Protein chains: 2
Amino acid sequence: MHANVKQNVVPLITPGLKVACSQCNLRELCLPFGLDDTDMARLDSLIGGGRKLKRGQHLYRAGDPFESIFAVRSGFFKTDVLTEDGRDQVTGFQMAGEILGMDGISTEHHTCNAVALEDSEVCLIPFTELEVLSSEIHSLQHHLHKVMSREIVRDHGVMMLLGTMRAEERLAAFLLNLSQRFSARGYSHAEFHLRMTREEIGSYLGLKLETVSRAFSRFQEEGLISVQQKHVRILDLPRLKALLAPPDGRIARPA
Amino acid sequence: MHANVKQNVVPLITPGLKVACSQCNLRELCLPFGLDDTDMARLDSLIGGGRKLKRGQHLYRAGDPFESIFAVRSGFFKTDVLTEDGRDQVTGFQMAGEILGMDGISTEHHTCNAVALEDSEVCLIPFTELEVLSSEIHSLQHHLHKVMSREIVRDHGVMMLLGTMRAEERLAAFLLNLSQRFSARGYSHAEFHLRMTREEIGSYLGLKLETVSRAFSRFQEEGLISVQQKHVRILDLPRLKALLAPPDGRIARPA
DNA sequence: CCATCGCGTTGACTAAGATCAAAGGGGCAC
DNA sequence: GTGCCCCTTTGATCTTAGTCAACGCGATGG
């Protein structure tokens with residue numbers, strides 16, 4: 001049993017390549033949020049169909065000319081930056097309904113790599129045309145700005161994590177974040193499959209893979225989660241959340 | 001001698017409160033970038049004058065309703081996030097020409113605090129009106145998107161720093177970044193004053209203030225910089241840059 | 001002009017996570 | 001179906017930065 005436990009909605013299988021926003025059950029999580037039928041139809045006509053990627057394939061690479069942003073229709077991605085001096089940092093994991101590629105707007109070239117961590121499908125959204133349309137549809141324009149701003153806020157959260165949290169706190173925050181996002185997509189909040197390796201988790205969290213593995217084991221010993229390879233089940237959500245208590249112990253961990 | 005060493009251009013004194021973009025010598029670094037005279041005049045009319053802040057004053061606080069973004073006209077700011085569990089992370093330092101407040105777009109409320117680190121002045125840019133204008137002026141719209149995207153890319157750089165670098169590498173990267181930004185504003189790239197405390201630097205870099213202080217001392221011992229309180233002079237730029245060599249030693253530090 | 005307080009520096013010790021190493025297990029390709 | 005390789009786990013040791021503490025300087029305000 002490796003597929004995620006489905007709760008209620010959202011059949012993630014994309015039947016054909018051309019699925020319109022108006023028909024898409026992710027629309028409330030994605031770019032079309034808040035559009036009326038007419039405007040949604042205009043957005044539909046702009047979206048350049050889908051693109052399927054096999055696991056391991058790059059959606060784009062750092063340096064590629066920027067033309068489009070992408071909405072994840074199904075599957076799972078990571079983005080990472082690597083510098084000329086050999087450093088490698090995973091900057092995010094993206095799932096259905098989330099937008100990829102906005103890093104490329106500023107320089108007209110992508111500044112990170114986006115890789116599918118499982119077979120995936122994205123919608124292609126040509127950016128120049130999106131700008132034209134968004135100058136005509138105010139709610140689209142505003143929502144685009146919100147999506148970009150949300151990315152900035154998300155990044156601040158990661159900076160907080162990397163700057164102030166200890167290893168186990170980071171992993172707890174990571175699991176809680178995944179849980180919440182799976183839940184928002186109609187999957188179980190308590191049981192899911194990690195699509196990424198310990199090393200990728202470590203890179204994202206600023207830890208080594210051994211540290212991630214040890215933290216997983218520790219959580220399991222303590223009865224917070226059960227974990228077997230990539231399969232995770234959250235057993236004690238309240239205590240997992242309590243791990244994020246302040247480092248100064250002002251609010252001591254409730255034993 | 002505490003004022004920054006001025007090199008050539010940019011008199012940073014703002015004579016009156018109402019300085020138009022078209023007259024501003026920061027316009028090439030700021031929002032009006034790339035606008036022609038007509039469009040610049042329209043942007044002028046939108047900008048709600050300036051606001052002066054004394055050192056230590058908040059420009060906005062987390063939770064404040066979002067109405068405007070701000071362009072730093074003069075002075076120096078920090079932004080920081082603090083969570084209910086008592087963590088505190090400086091997410092950035094902003095200087096003349098840089099844009100503040102875009103974090104607030106996504107939730108209609110600011111998600112971080114912005115504090116003046118010296119007496120400062122900002123231009124107020126009402127966001128709703130900016131959206132209206134940018135839907136009419138394509139180059140303004142596009143530049144706004146670039147500014148937001150640049151913030152995302154900058155955040156990725158900080159994530160890289162926090163995720164992969166050691167203490168001295170972080171400080172070197174920080175000094176080089178400041179140097180480059182001062183230089184872009186017509187100040188010396190080699191000599192400047194830090195507006196922030198060791199603790200604020202530490203928070204930004206994910207280090208304790210003692211570690212920051214020790215790293216400064218070490219750099220000075222090694223002849224890379226001279227540092228006295230908040231006054232820094234870069235003595236050996238190449239070797240400072242070489243500190244950012246890869247952690248795996250593939251390119252060994254040139255002795 | 002002096003007292004004070006905040007900021008910065010430095011030292012000794014501690015703890016967290018990295019590093020090095022080895023072995024087991026699962027999934028994928030053939 | 002089987003074998004191989006990558007991923008993961010776990011242990012022992014080492015390094016780095018954090019913690020705790022004390023002191024000195026300098027700016028600020030009375």
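Quantities reported herein were computed from a predicted structural model and do not represent experimental measurements. So you know, we letter chains A, B, ... as the sequences are listed, proteins then strands, and number each from 1.
Salt-bridge formation is not detected for the pair A/Glu98/A/Arg150: no Lys NZ or Arg NE/NH1/NH2 atom is positioned less than 4.0 Å from an Asp or Glu carboxylate oxygen. Taking the charged nitrogens against the carboxylate oxygens, A/Glu121 and A/Arg51 have no contact shorter than 4.0 Å, which rules out a salt bridge. Of the charged side-chain nitrogens involved, none lies within less than 4.0 Å of a carboxylate oxygen, so that B/Lys208 and B/Glu199 do not count as a salt-bridged pair.
For A/Leu209 and B/Lys230, each mapped to the nucleotide of DNA chain C holding its nearest heavy atom, the one lying further toward the 5' end belongs to B/Lys230. When each of B/Arg214 and B/Arg55 is assigned the nucleotide of DNA chain D with its nearest heavy atom, B/Arg214 is the one assigned upstream, toward the 5' end.
The side chain of B/Ser217 contributes an N or O atom lying less than 4.0 Å from OP1 or OP2 of C/dT10.
Residue A/Ser213 is classed as a base contact, given a heavy-atom separation below 4.0 Å to a base. B/Gly202 comes within 4.0 angstrom of no nucleic acid atom, judged by non-hydrogen atoms across all strands.
For A/Arg198 and C/dG17, the CZ to P distance is 17 Å, given to the nearest whole Å. Across the protein-nucleic acid pair, B/Met196 atom CE and C/dG8 atom C1' stand 15 Å apart, rounded to whole Å. In this structure, the CG atom of A/Leu171 is 12 Å from the P atom of C/dG17, given to the nearest Å. Rounded to a whole Å, the CZ atom of B/Arg170 is 9 Å from the C1' atom of D/dA17.
When distances run from any side-chain atom of B/Lys208 to the nucleotides C/dG17, D/dT19, C/dC20, the shortest one goes to D/dT19. Each of C/dC28, C/dC7, D/dA17 was ranked by its minimum atom distance to the side chain of B/Thr197; first place goes to C/dC7.
Taking only distance into account, the side chain of A/Glu210 meets the base of C/dC20 through a donor-acceptor pair shorter than 3.5 Å.
If you run side-chain hydrogen bond (donor to acceptor under 3.5 Å, both in side chains) between A/Glu118 and each of A/Arg55, A/Arg195, A/Lys54, only A/Arg195 comes through.
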